[in-house]
Amino acid sequence: MPQHATLDISSLLHRIPLFSELSEADIQRVSRYTRDRHVARGEVLFQRGDQPHGFYFVVSGQIKLAFSSPQGTEKVVEIVGAMQSFGEAVMFMNRPYPVFAEALTDSVLIHVGQAVVTELIDQDSTFAHKLLAGMAIRLHSLVQDVETYSLRSSMQRVIGYLLQVADSDTPCEIALPTSKQVIASRLNLTPETLSRIFHDLSEAGLISVQGKRITLHDPARLARHNS
């Protein structure tokens with residue numbers, strides 16, 4: 001892999017919500033336990049069953065968290081993008097990773113070692129509360145995902161995803177952040193079902209699909225179609 005520019009670790013640590021209120025001295029201490037990692041598209045960051053020794057923060061790119069069934073099918077649990085972290089909860093469970101992590105694009109990450117996080121928890125109860133709050137927010141998000149997959153139809157899941165990516169009330173074009181196969185797995189659908197729903201929405205005049213680029217002609221109407 002080619003030589004990469006050196007990252008400003010201290011500046012990046014300040015951008016992690018968990019560390020946003022740390023003193024400069026503490027940031028410098030954390031930086032001594034932090035390493036950068038450059039991964040190519042398709043490279044596996046860790047396998048299911050590996051033991052965690054810290055958590056990751058995505059500087060750029062996308063990381064897929066997923067697991068494979070005994071039948072060989074893959075289920076995407078989460079797609080982690082730039083300025084997001086993952087692995088904090090597993091780090092404290094003293095158990096191996098329940099998923100594997102694979103780069104969906106060339107990605108740059110930093111890895112914060114468990115030892116320094118444990119030290120911060122021991123010395124600062126406020127830091128411990130922020131860590132717990134962050135993990136609670138992620139848990140709430142996962143519960144919402146389960147509710148969505150359980151109670152919403154396939155069509156509703158796809159429309160909800162498109163509206164979330166678009167984040168606009170006016171006609172707009174969006175670029176799917178990853179492959180349709182990965183998106184289908186994330187939405188608990190088969191790729192064939194996702195393609196059929198895209199076709200049905202296109203036939204209804206709600207969207208146009210050109211590869212990974214999708215035009216939402218009337219997001220408000222699309223939202224009404226989702227109710």
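Owing to the predicted nature of the structure, the values given are computational and were not obtained by experimental measurement. The residues of the chain are indexed from 1 along the displayed sequence.
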* Check step by step if side-chain contact (heavy atoms from CB on, under 4.5 Å) holds for Glu102 and Ile63. => CA-CA 6 Å; Glu102 179 184 329; Ile63 302 296; over 6 Å; no
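- Side chain of Gln164 to main chain of Tyr161: no donor-acceptor pair is present (N/O by atom type, distance under 3.5 Å, no hydrogens or angles).
- Shortest non-hydrogen contact noted between Phe46 and Val99 is CE1-O, 3.5 Å.
- At least one side-chain heavy atom of His14 sits less than 4.5 Å from a side-chain heavy atom of Ile27.
- In this structure, Val39 is a member of the same hydrophobic cluster as Phe86, with clusters built from ILVMFWY side-chain heavy atoms closer than 4.5 Å.
- Neither side chain, Thr34 nor Ser31, offers a donor N or O lying under 3.5 Å from an acceptor on the other.
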* Verify side-chain contact (heavy atoms from CB on, under 4.5 Å) between Met91 and Val117, making sure each step is shown before the conclusion. => CA-CA 10 Å; Met91 176 177 67; Val117 178; 3.9 Å; yes
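- In this structure, OH in Tyr56 is found 4.5 Å from NE2 in His111, a value given to the nearest 0.5 Å.
- Taken to the nearest 0.5 Å, the CD1 atom of Ile9 stands 6.5 Å off from the CG atom of Leu13.
- Following chains of ILVMFWY side-chain contacts shorter than 4.5 Å, one can reach Ile197 starting from Val209, so the two form part of one hydrophobic cluster.
- Not one N or O on the side chain of Lys75 forms a donor-acceptor pair closer than 3.5 Å with the backbone of Ala66.
- Checking side-chain atoms of Arg152 against main-chain N and O of Arg157 turns up no donor-acceptor pair under 3.5 Å.
- A distance-only check finds a donor-acceptor pair linking the side chain of Ser168 to the backbone of Thr170 [under 3.5 Å].
- Contact between Ile121 and Ala128 at its shortest, heavy atoms only, is CG2-CB, 4.0 Å.
- From Asp50, atom CG reaches atom CZ of Arg48 across 12.0 Å, with rounding to the nearest 0.5 Å.
- Interatomic distance, Ile207 CD1 to Ile159 CD1, rounded to the nearest 0.5 Å: 8.5 Å.
- Contact between Gly54 and Tyr97 at its shortest, heavy atoms only, is O-OH, 4.0 Å.
- Counted within 6.0 Å of CD on Gln51, heavy atoms from surrounding residues, nucleotides or ligands total more than 12; the atom is thus considered enclosed.
- Looking at every heavy atom in both residues, Gly61 comes nearest to Val58 through O-CG1, 3.8 Å.
- Follow the hydrophobic side-chain contacts under 4.5 Å out from Val80 and you reach Phe67 in the same cluster.
- Side-chain N or O atoms of Thr193 include none that pairs as donor or acceptor with a backbone N or O of Leu189 at under 3.5 Å.
- Side-chain contact between Arg186 and Gln181 is absent, with no heavy atoms from C-beta onward closer than 4.5 Å.
- A distance of 8.0 Å separates CG of Leu194 from OG1 of Thr190, quoted to the nearest 0.5 Å.
- At a threshold of 4.5 Å between non-hydrogen side-chain atoms, the residues Thr178 and Ile79 count as touching.
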* Going through the checks in order, is the side-chain contact (heavy atoms from CB on, under 4.5 Å) test met by Tyr33 and Val112? -> CA-CA 6 Å; Tyr33 291 82; Val112 181; 5.5 Å; no
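- Side chains of Glu119 and Gln123: a donor-acceptor N/O pair is absent below 3.5 angstrom, by distance only.
- A distance-only check finds a donor-acceptor pair linking the side chain of Lys180 to the backbone of Gly211 [under 3.5 Å].
- For the 3.5 Å distance criterion, the side chains of Gln156 and His225 fail to qualify, holding no donor opposite an acceptor.
- Not one N or O on the side chain of Gln28 forms a donor-acceptor pair closer than 3.5 Å with the backbone of Ala25.
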* **side-chain contact (heavy atoms from CB on, under 4.5 Å) evaluation trace for Arg37 with Val108** => CA-CA 6 Å; Arg37 178 123 182 225; Val108 179; over 6 Å; no
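- Side-chain contact check for Met83 versus Arg15: some heavy-atom pair is nearer than 4.5 Å.
- When atom types are taken as modelled, the side chain of Arg213 and the backbone of Ala175 share no donor-acceptor pair closer than 3.5 angstrom.
- Nearest approach of Ala40 to Ala103, heavy atoms of both residues: O-CB, 3.4 Å.
- Of the inter-residue distances, the one linking Leu162 atom CG with Leu201 atom CG reads 7.0 Å to the nearest 0.5 angstrom.
- When side chains are defined from C-beta on, Asp26 counts as touching Leu120, because their heavy atoms get closer than 4.5 Å.
- Counting heavy atoms from C-beta on, the side chains of Leu109 and Leu45 come closer than 4.5 Å.
- Within a 6.0 Å radius of CG in Asp169, other residues, nucleotides and ligands contribute 12 heavy atoms or fewer.
- Gln62 and Ser107 make their closest contact through N-OG, 3.2 Å (heavy atoms, listed as atom of the first residue, atom of the second, distance).
- In this structure, the side chain of Asp106 engages the main chain of Arg41 through a donor-acceptor pair within 3.5 Å.
- Side chains of Arg35 and Ile110 form no contact here, defined as non-hydrogen atoms less than 4.5 Å apart.
- Ile214 places none of its side-chain heavy atoms less than 4.5 Å from the side chain of Val165.
- Cluster membership for Leu65 and Phe100, using ILVMFWY side-chain heavy atoms within less than 4.5 angstrom, is not shared.
- Classification of the Phe19-Phe127 ring pair by plane angle, with boundaries at 30° and 60°, yields parallel.
- No side-chain donor-acceptor contact under 3.5 Å links Thr215 to the backbone of Glu173.
- Taking a cutoff of 4.0 Å between a charged side-chain nitrogen and a carboxylate oxygen, Glu74 and Lys64 qualify as a salt bridge.
- Heavy atoms of other residues, nucleotides or ligands lying less than 6.0 angstrom from NE2 of His199 number 12 at most.
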